[in-house]
K.L.:
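Starting off with a structure, shown below.
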Amino acid sequence: RRLPRRASIPRPRRLKSRPSAQVFRPRSNALVVVFGAFMVVVVAGTATAVILYANSAFVTGVGETLQQPVPFSHQHHVAELGIDCRYCHADVDRSAVAGVPPTSTCMSCHSQLWTHAQMLEPVRKSLERDEPLRWNRVHDLADYVYFNHAAHVNNGVGCESCHGRVDRMPLARQVQPLTMSWCLDCHRNPGPNLRPEQAITAMGFDAAAVDSHALLERYGIQVDRLSDCSVCHR
């Protein structure tokens, strides 16, 4: 008698291995690197552009001459006539503001010289009407900045350090940026900008001819305190 054949148990079918599905293609890595480099360039370029713009003459006003009621020439009055800065800016060594001369100061000379010159018509009208001339400020600091002319002049800082060679200016113009960084550069190292009292208003002063360390001691300047915020912001 034959035994019944065993039913064959089906073997599980082997599943063919399939490659894993990729979300990004291999070149995506290169695209990420390129995009990252592009963003770095954009950020760095934007920051550089902002810094250059903030320090440009368009913002700081360096080299700009303003329209004035009278075309006053510092070159003529300072270099050619030898008039000292303090003759017109009489309060520069005793006040926070240097001040502009009253019309009577102008007419102390021009009542005898160039009396009827057409360009001096605003000066004559100012004297007749007892109204001051409206000069446009060339060096105009922000309202939140405190600057004292007397504190600088009486401690050895010459006019030329901030205002440049006015004896070479037919029309006054700004030569320094007057930025915070520019001020701090001097406050941290004021020695190169110091000079003796008799040379405060001198033009073309040779700073290398004097001992800056001796001047610091002579004026009693404490450099470590000049960078305090309260010095310029009050």
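Just so it is clear, the structure is predicted and the values come from calculations on it, not from any experiment.
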K.L.:
First locate atom CD1 of Ile51, then atom OG of Ser56, and finally report the distance between them rounded to the nearest 0.5 Å.
P.N.:
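Reported value, rounded in 0.5 Å steps: 12.5 Å.
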K.L.:
Between Trp114 and Leu120, which heavy-atom pair has the shortest distance, and what is it?
P.N.:
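Smallest interatomic distance, heavy atoms only, reads O-CD1, 3.1 Å.
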K.L.:
Looking at every heavy atom in both Tyr87 and Ser108, which two are closest together, and how far apart are they?
P.N.:
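For Tyr87 versus Ser108, the nearest heavy atoms are OH-OG, 3.0 Å.
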K.L.:
Between Asp91 and Val97, is there a side-chain heavy-atom distance shorter than 4.5 Å?
P.N.:
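No, their side chains stay 4.5 Å or more apart.
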K.L.:
With a cut-off of 6.0 Å (strictly less than), are more than 12 heavy atoms of other residues, nucleotides or ligands near CG of Asp130?
P.N.:
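Atom CG in Asp130 is not packed in, count stays at 12 or less.
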K.L.:
For the residue pair Pro177 and Asn55, establish whether any side-chain heavy-atom pair is separated by less than 4.5 Å.
P.N.:
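No, every pair of side-chain atoms sits at 4.5 Å or beyond.
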K.L.:
State, with a plain yes or no, whether a side-chain heavy atom of Gln68 is found less than 4.5 Å away from one of Val138.
P.N.:
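Yes, at least one pair of side-chain atoms sits under 4.5 Å.
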K.L.:
Would you call the rings of Phe72 and His77 parallel, tilted or perpendicular, where under 30° means parallel and over 60° means perpendicular?
P.N.:
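It falls in the parallel class, under 30°.
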K.L.:
Ring-plane angle category for His74 and His89, please: parallel below 30°, perpendicular beyond 60°, tilted otherwise.
P.N.:
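It falls in the parallel class, under 30°.
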K.L.:
Is the backbone of Ala117 close enough, under 3.5 Å, to the side chain of Arg124 for a donor and an acceptor to pair up by distance?
P.N.:
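Answer holds: yes.
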K.L.:
May I ask you to test the Cys162-Trp182 pair for a side-chain heavy-atom distance under 4.5 Å?
P.N.:
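Contact flag for Cys162/Trp182 side chains = yes.
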K.L.:
Determine the interplanar angle of the His149 and His163 rings, folded into 0 to 90°, and report it as parallel if under 30°, tilted if 30 to 60°, perpendicular if over 60°.
P.N.:
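Aromatic pair His149/His163 classed parallel.
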K.L.:
Mind checking whether Trp135 and Leu66 have side chains closer than 4.5 Å, heavy atoms only?
P.N.:
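Counting from C-beta outward, Trp135 and Leu66 never come under 4.5 Å.
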K.L.:
Determine whether Ile200 and Phe205 fall in the same hydrophobic cluster, where Ile, Leu, Val, Met, Phe, Trp and Tyr are linked whenever their side-chain heavy atoms lie under 4.5 Å apart.
P.N.:
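As far as the 4.5 Å side-chain criterion goes, Phe205 and Ile200 are not connected within one cluster.
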K.L.:
Please confirm whether the backbone N or O of Tyr144 pairs with a side-chain atom of His233, one donor and one acceptor, at under 3.5 Å?
P.N.:
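Yes: the side chain of His233 pairs with the backbone of Tyr144.
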K.L.:
Please check: side-chain N/O of Asn136 versus main-chain N/O of Gln67, any donor-acceptor pairing under 3.5 Å?
P.N.:
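Side chain of Asn136 to backbone of Gln67, a donor-acceptor pair under 3.5 Å: yes, one is there.
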K.L.:
Are Leu194 and Val210 close enough that some pair of their side-chain heavy atoms sits under 4.5 Å apart?
P.N.:
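No. Closest side-chain heavy atoms not under 4.5 Å.
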K.L.:
Which atoms form the tightest heavy-atom contact between Thr103 and Ser126, and what is the distance?
P.N.:
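That would be OG1-OG, 2.6 Å.
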K.L.:
Just wondering, do Leu226 and Pro190 contact through their side chains at under 4.5 Å, heavy atoms?
P.N.:
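Yes - at least one pair of side-chain heavy atoms lies under 4.5 Å apart.
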K.L.:
Hydrophobic clustering (ILVMFWY, side-chain heavy atoms < 4.5 Å, transitive) - are Val157 and Ile221 grouped together?
P.N.:
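As far as the 4.5 Å side-chain criterion goes, Val157 and Ile221 are connected within one cluster.
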K.L.:
Please tell me if the side chains of His187 and Val231 come closer than 4.5 Å, counting only heavy atoms from C-beta onward.
P.N.:
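Yes, their side chains come closer than 4.5 Å.
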K.L.:
Using only atom types and a distance under 3.5 Å, with no angle test, would you say the side chain of Arg195 pairs donor to acceptor with the backbone of Ala202?
P.N.:
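Yes: the side chain of Arg195 pairs with the backbone of Ala202.
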K.L.:
Decide side-chain contact (heavy atoms from CB on, under 4.5 Å) for Arg86 and Val153; before the verdict, give the C-alpha distance in whole Å, the side-chain angles of both, and the deciding distance to 0.1 Å.
P.N.:
CA-CA 11 Å; Arg86 289 164 291 197; Val153 170; 5.7 Å; no
K.L.:
Output yes when a side-chain donor or acceptor of Asp228 lies under 3.5 Å from a complementary backbone atom of Ser230, and no otherwise.
P.N.:
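Side chain of Asp228 to backbone of Ser230: no pair is present.
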K.L.:
Treating Glu160 as the side-chain partner and Gly204 as the backbone partner, does any N or O pair qualify as donor plus acceptor under 3.5 Å?
P.N.:
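Yes, because the side chain of Glu160 sits within donor-acceptor range (under 3.5 Å) of the backbone of Gly204.
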